[in-house]
Structures are given as C-alpha cells and as structure tokens.
> 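Quick one: structure below, then a few questions.
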Amino acid sequence: MLKESDSRWLWYTGDFEIRQGLMQNFSREERSYDWPAYWNIDDCHRNVKFKRDYVLDQETSFTVYVSGVGFVEVNEVKYPFGQEVTCMPGKNKVRVNVGNVSGLPAVYIDGEIIKSDTSWLCSNFIDEFPAGWSELYYKKEQDPNVVEYATEICKPLSKKDIDGGTLIDYGRAVFGPLHIEKLDSDKPITICYGESETEARDIEQCYYKQENVTSETPIRKRAFRYIFIPDITSASIEINGIHEFIPLENRAVFSSDDPLMNKIWDISVDTFTLCSGLFFIDGIKRDRWIWSGDAYQSYFINQYLFFDEDINKRTMLALRGQNEIKQHMNTIVDYSILWVIAVENHYMMTGDTTFLEQIYPKMETMMRYLSQQTDEHGFIYGREKDWIFIDWSEMDKEGTLAAEQILLLKAYKAMTVCGSILNKEIDQYVACYEMLKKNVMEFFWDKEKGAFIDSYVSGKRHVTRHANIFAVLFDFVDEEQSQSILTNVLLNDDITQITTPYFKFFEQDALCKLGETKRVHEIIRDYWGGMVEQDAVTFWEEYIPEETGNDVYEMYGDPFGKSLCHAWGASPIYLIGRYFAGIQPIRPGYETYLVEPQLDSFEKISCTFPIKDGSVTLEKNQSMLKVYATKSGGILRIDNQDIPISKDQEMVLELKEKSLV
C-alpha cells in the first residue's frame, strides 16, 4: 500500500475516473458494429495546473514526467519536462502546467523531497482541489491513460467435432481475447462466440462473430464460455482464452451443509468478480457500460465480498462526471437519485470524510437538478427524453410514479445525513423531505389496499411491488404499514411477480428486513438454483422460471440479447452477509457494528465477511455458534441480548431452539 509521502501519478481530482469512464462506455460491441453509450458523457479537463510550496533546509533536485505537454515553473523560472530541476534552500513555489488534447493530463514528480505525493493541489484554472490519484498508478513508467490488466490463460475444458466444425467449451466465463496456438487450415476461419452452447453453434444469430481469421489476426476482447469454428476439425485447431482483469481481493468465505447454496455462492462470486474491474459494469458480454442502477447494487455486494473502497469511488466519480449536469445518469431519473443515495451508504461503509467532502458539491448540484423537475406537491416527474425506469415491469406510469417519489425521499434524507457530517446547511432538504413525505402518504397510500399505488392520476389504483419495497427499505413506513405491505404485496401472489435479479435484490432485501430470512433462503434456492439447474456458470440479467428452450436466452427482441453474466445476479452475497450473518455498520466505518445472525436455515455454516479494517467470522454447528472478529466495537445481538464483541477473542454460545428466527 502506498504511503502518503510516496510518489504517484497525479491528475485533477475525478478526471481519471471521468476519462476512463468515457472509454469504458465506448467499449460496447453490438454484433457487427461498435456502440458508444447513448447518453451525454463528460470528458476530463484538457489543461490543468499543479502547485505546491516548499520551505527547504537544503538543496534538492527533482524531475517531472507527464502525460501531455507543458512546463515546470519554480519561483517563476520555467523548465522543460524531463530535465532535472534544482531548488535551493528557502521558500520555493513549484508549479506544473500540463495540457493534453488526446487524453488525461497527468504528472509524476520524481525526487527525494519534491515529489508527487498526496500534498499537491491541482486546478482547472477555475476550481482548485487536492490532486487526484490511484494506487493503480504509482510507477513513472506507467501511463494513466492506459488500463493495465492482469491476464490468465484459460485452456479449453473440452473440444469436440459437431455440426461440421469444432465446439470448444472453456468451462467458465472468459472476458478477453483469444490466442491461436495452432491452426492447420489453408483458408481463414470464422469464430462464433457464445455465453451458451446454443448461441455459439448458431452461426447466423450468435451475438459475436469474427470472420477471416488467420493465426496472425488480432482478435478482439469479448466475453464467452464457448466458441464454435465452422468447417474445421478439432484436431486442426488449438485456441486459448486470455482472461483480462483488474485484481481484486476476495475477502469473504462461505460454506455450509447445503451444497446448492454453496454452488450459488460460488457462482455469485464469479459473476460479481467478472463485472468488477476498473469500474462496476452491468455485464461482460453486451453493454459493458457503467449503469448507475447496476452500480448501486454492486456497492452493497462489494461491501460483503471485496470491501474495495476505490472501485466504489471510481464508479461514483465516473457516473457523475463534471459538476455541470446536462442529463440524468444513463438518461434515467431514478438512476440519478440512486447515485445520491449511494454516497451515504459508501460513507457508512468507509467513514471516508475526505471523499465525502470531495463529492458533496456534486451531490448538491444533482439535488438542484432533481428539484427543478418537481411539481407543487414536491413530486418528481420525467422531462422530455427522461426515462422513468424503476424496473422491467408493467406499472401505471400515468402522472407521477410512487416509486420515484420514495426514492427522492431517501435522497433528501441522504443529503441531510451527509450535509450534517460536513456541517453544511441542510434546512432545505429537511423541509423538502417533510413536504414530500406528507404528500406521498396523502396521494399514494391506499388504506383499503394497505399498500402504495403506482399512480393517483389514472384512478386505476394499481399496485406493484416496487414502491412498497422501497418504502420498507428506506424506513418510510411504520411497523403497522410494513406488515400491511408484507401481507398485501410481498406475500400476495396476485401482485405481479418480479422477474429480474435486479429487483429481486430489492425484494429479498425488504423481505429479510421484515424477518423473512427463511423464506428468502428458499427463494434463493429456487430462483438462483433454477439458473444453476440450467448449467449457469454465472448469473443472468433476467430469469423467468417458466421459460424453456432457446427462449431463455432471448431479451430485447434479440435471440441472444440476454446477458448471462450480470452484476445484479450476485445479490446472494449481500443477502447472506447482511442478513444471514447479520453484519452491518452502526456508526460510519464500522466504528461500531452489529452482528445479528439469522442462521436457522442452516445446520452447519462457516462464513467470514470483511468490515472496515477487519473481518467477522461465524461458525454454526447444530446448536453451537462461534463468533470471532478482528476489530473491536462490535455488538452480537442474540436471544434479545446485546453482547460486546472483543477483538481477536472467540465467543462460543449455545443456541436456544429457534432463538435465531
């Protein structure tokens, strides 16, 4: 880990993430053409200025390396980059001006005393902040405009002759190019890719295909498990997959007496790891874009798997872009709101006040942008070209939508929490929250149905799960209303079922919060287990149990349009860590934290989950529970008792029958 005094590449704060976010959102390949994202995307500043003043006791020298053009200035004397500059004892004003027309302006300063550490400021000639940096870029030989991936050679699990060609199964999802080891053919070949065998063997409809390939042809980075090469025998070709990734440490462990749950856990880990790189992306085959809704859930999963603070920050900064707002994130109103809410959760996870101070001004401008599209009741509505999404589900979207208002309520609450931490003025957010809360209850709560309706404008009184789920998750309703929602909505089969793992995340979260962990355990086994039964090696963008045959791969009118490796499919990681293990921060950064296990669904289980600066391990064997934490400040809540957890001291408890329900 870098020390604050170590040299590293520096840039204008947030610009590395914005620049690389642009590149990520331009990486989509849609069958035979490239498809850059269809929303407004910001880029980095093109010219910036770094500054720091030194008071030296002795003569010292330094050399500046940059990505871009410009000059070094010491006490108003200019020097070219790459030349050793000497500073004399006394006060020295060091300035570095860098411009880059084609990428990110960045600087690396190599010296014993004067060096590019965390103490530098950087301005865009308008605003000035502490310079940005990343632990990924700490060597002067690196280029912050180039993402450096680790690689893993993936050899075929099986290879067979079929349909007049060769089908290769790598046995896992691979995200990267191919390398031809042997090709005995007098003519170029065609490579057909597939997340499924069915897709790879469909020469006409497979999502990715590369034609006229020879042993010298560069092969693009793609996602696949299978490849099919027509008109060649398996003995004539050998191709390895080259999996590319940003290394992330898996800090969680899970095993139990339930083989299916163990398999679901392992596939969830593989799914989430594949979708986690420089940023959280939605999936590896199709979009590869940074979607705010997908990322919102990824922050929670990350908290219980990697506990990697940097990928959270990189993703948030890339999504938000520069301070001026021209359009909602991904064009979706609820995705902009979820971004605000996510910042509060990140702070609770990390206790990182420095990042909160950096990003809070962008939270304020986002809230201003949101408030400009509210009506006299405080209800937010969609502007022209806005997308009110929430989920792929039939909703009554005439007029303003209940689910959107409840999200906005939570955003106001997030602003009051984050603003209070930074001693900012929060009265406006408190006032907006109180007015909106009153009007949401007046216009959207249907006493007869005991639930929130989608829209009051149409008069249809249509109920879907979404607004009701958000109301439970964000503590908008009291105990009586929560139980009403549980009975009348969440446990009511007449209410349209959720079909995407995206909203299954929120639904299972709400069910667990209402004490239904046993039910959620069975849902995980049935729903995610259903994908396991279909030979899934990663979890899908959508799963409808009733679908059979090739229909399971269809989405968006495309026979293979469905992503079979989608970040939101990994939600069992979060659900197990947050509710079954019962671990959550009480104070920011886990200064104090709660362990409230709900393990009745398991006879035997052993699991470890990361927390800030530590970890918590739980082991259950029949009626015996062991709890071990590497950080103090924890509270074990069990049998209606709160027991302090001491650092590095194992606790052994005898469980009462059904005491953990």
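All residue numbers refer to positions in the sequence shown, counting from 1.
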> So, Ser292 and Asn330: side-chain donor and acceptor under 3.5 Å apart, yes or no?
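There is no such pair (donor and acceptor under 3.5 Å, judged by atom type) between the side chains of Ser292 and Asn330.
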> For Lys449, look at atom NZ and say whether over 12 heavy atoms of other residues, nucleotides or ligands are found less than 6.0 Å away.
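Enclosed: over 12 neighbouring heavy atoms sit under 6.0 Å from NZ of Lys449.
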> Can you name the residues that form a salt bridge (charged side-chain N to carboxylate O under 4.0 Å, His left out) with Lys209, not counting sequence neighbours?
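Counting only residues at least two positions away or on another chain, Lys209 forms no salt bridge (charged side-chain N to carboxylate O under 4.0 Å, His left out).
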> Could you verify whether a donor N or O on one side chain and an acceptor N or O on the other, from Asp446 and Tyr456, lie under 3.5 Å apart?
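Result is no, nothing qualifies.
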> Could you list all the salt bridge (Lys or Arg N to Asp or Glu O under 4.0 Å) pairs where at least one residue sits in residues 479-497, not counting sequence neighbours?
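Sorted result for residues 479-497: empty, none.
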> So, Asn488 and Ser484: side-chain donor and acceptor under 3.5 Å apart, yes or no?
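A donor-acceptor contact under 3.5 Å links the two side chains.
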> Enumerate the residue pairs fulfilling side-chain hydrogen bond (donor to acceptor under 3.5 Å, both in side chains) with a member in residues 529-539, sequence neighbours excluded, ordered by first and then second residue.
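Sorted pair list: Arg225-Asp535.
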> With Ala342, which residues qualify under side chain to side chain contact (heavy atoms under 4.5 Å, CB included), at least two apart?
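Result, side chain to side chain contact (heavy atoms under 4.5 Å, CB included) vs Ala342: Tyr296, Tyr299, Met316.
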> Name every donor-acceptor pair, under 3.5 Å, that has one atom in a side chain of residues 272-281 and the other anywhere in the protein, sequence neighbours excluded.
from   : atom 1 : to     : atom 2 : distance (Å)
Thr273 : OG1    : Val269 : O      : 2.7
Ser276 : OG     : Phe272 : O      : 2.6

> Any pair with a residue in residues 523-532 that passes salt bridge (Lys or Arg N to Asp or Glu O under 4.0 Å), sequence neighbours left out, goes on the list, sorted by first then second residue, please.
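As it turns out, the salt bridge (Lys or Arg N to Asp or Glu O under 4.0 Å) pairs with a partner in residues 523-532, which skip direct neighbours, are Asp258-Arg525.
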> Going by the rule ring-ring contact (aromatic ring centres under 6.0 Å, His included), which residues pair with Tyr556 if we only count those two or more places apart in sequence or in a different chain?
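Tyr556: ring-ring contact (aromatic ring centres under 6.0 Å, His included) contacts with Trp392.
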> Do any N or O atoms from the side chain of Tyr208 and from the backbone of Glu29 form a donor-acceptor pair under 3.5 angstrom?
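Yes.
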> Mind checking salt bridge (charged side-chain N to carboxylate O under 4.0 Å, His left out) for Glu344 and listing every partner two or more places apart, or none if nothing turns up?
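Salt bridge (charged side-chain N to carboxylate O under 4.0 Å, His left out) list for Glu344, sorted by chain: Lys410.
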> Ignoring hydrogens and angles, state whether a donor on the side chain of Glu30 or Tyr207 is under 3.5 Å from an acceptor on the partner side chain.
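A pair is found: one side chain offers a donor N or O, the other an acceptor, under 3.5 Å apart.
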> Can you tell me if CE on Met23 sees more than 12 non-hydrogen neighbours from other groups inside 6.0 Å?
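No, CE of Met23 has 12 or fewer neighbouring heavy atoms, counting only those of other groups under 6.0 Å.
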> Mind checking salt bridge (charged side-chain N to carboxylate O under 4.0 Å, His left out) for Arg368 and listing every partner two or more places apart, or none if nothing turns up?
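Partners of Arg368 by the salt bridge (charged side-chain N to carboxylate O under 4.0 Å, His left out) criterion come out as none, since no residue qualifies.
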> Quick check with a 6.0 Å cut-off and a 45 degree axis cone: is Lys504 positioned over the face of Tyr527's six-membered ring?
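That pair qualifies as a cation-pi contact.
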> For the backbone of Ile495 and the side chain of Arg465, can you confirm whether one donor and one acceptor N or O come within less than 3.5 Å of each other?
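Answer holds: yes.
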> Determine the sole option in Gln205, Arg31, Arg286 for which the side chain to side chain donor-acceptor pair (under 3.5 Å) test with Asp558 is passed.
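Checked Gln205, Arg31, Arg286 against Asp558; only one passes side chain to side chain donor-acceptor pair (under 3.5 Å): Arg31.
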> What residue pairs, at least two apart or across chains, pass salt bridge (Lys or Arg N to Asp or Glu O under 4.0 Å) with a residue in residues 376-399?
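Salt bridge (Lys or Arg N to Asp or Glu O under 4.0 Å) check on residues 376-399 returns no pairs.
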> Take a 6.0 Å sphere around NZ of Lys447 and say whether it holds more than 12 heavy atoms from other residues, nucleotides or ligands.
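For Lys447, atom NZ is not crowded (no more than 12 foreign heavy atoms under 6.0 Å).
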> Can Thr487 and Asn492 be counted as having a side-chain donor-acceptor contact under 3.5 angstrom?
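No donor-acceptor contact under 3.5 Å links the two side chains.
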> Check whether the side chains of Tyr193 and Arg222 place a donor and an acceptor atom closer than 3.5 Å, and report yes or no.
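Result is yes, a qualifying pair exists.
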> Apply salt bridge (charged side-chain N to carboxylate O under 4.0 Å, His left out) to Glu554 and list each qualifying residue two or more places apart in sequence or on a separate chain.
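Partners of Glu554 by the salt bridge (charged side-chain N to carboxylate O under 4.0 Å, His left out) criterion come out as none, since no residue qualifies.
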> For residues 194-203, which residue pairs pass the side-chain hydrogen bond (donor to acceptor under 3.5 Å, both in side chains) check, not counting sequence neighbours?
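Only Asp163-Arg201, Glu197-Arg201, Glu199-Lys285 qualify under side-chain hydrogen bond (donor to acceptor under 3.5 Å, both in side chains).
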> Could you tell me whether Lys221 sits above the aromatic face of Tyr149, with NZ or CZ closer than 6.0 angstrom to the six-membered ring centre and within 45 degrees of the axis?
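The answer is yes; both the distance and angle limits are met.
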> Compute the ring centroids of His521 and Phe602, then answer whether they are less than 6.0 Å apart.
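Close enough - the centres of the two rings lie under 6.0 Å apart.
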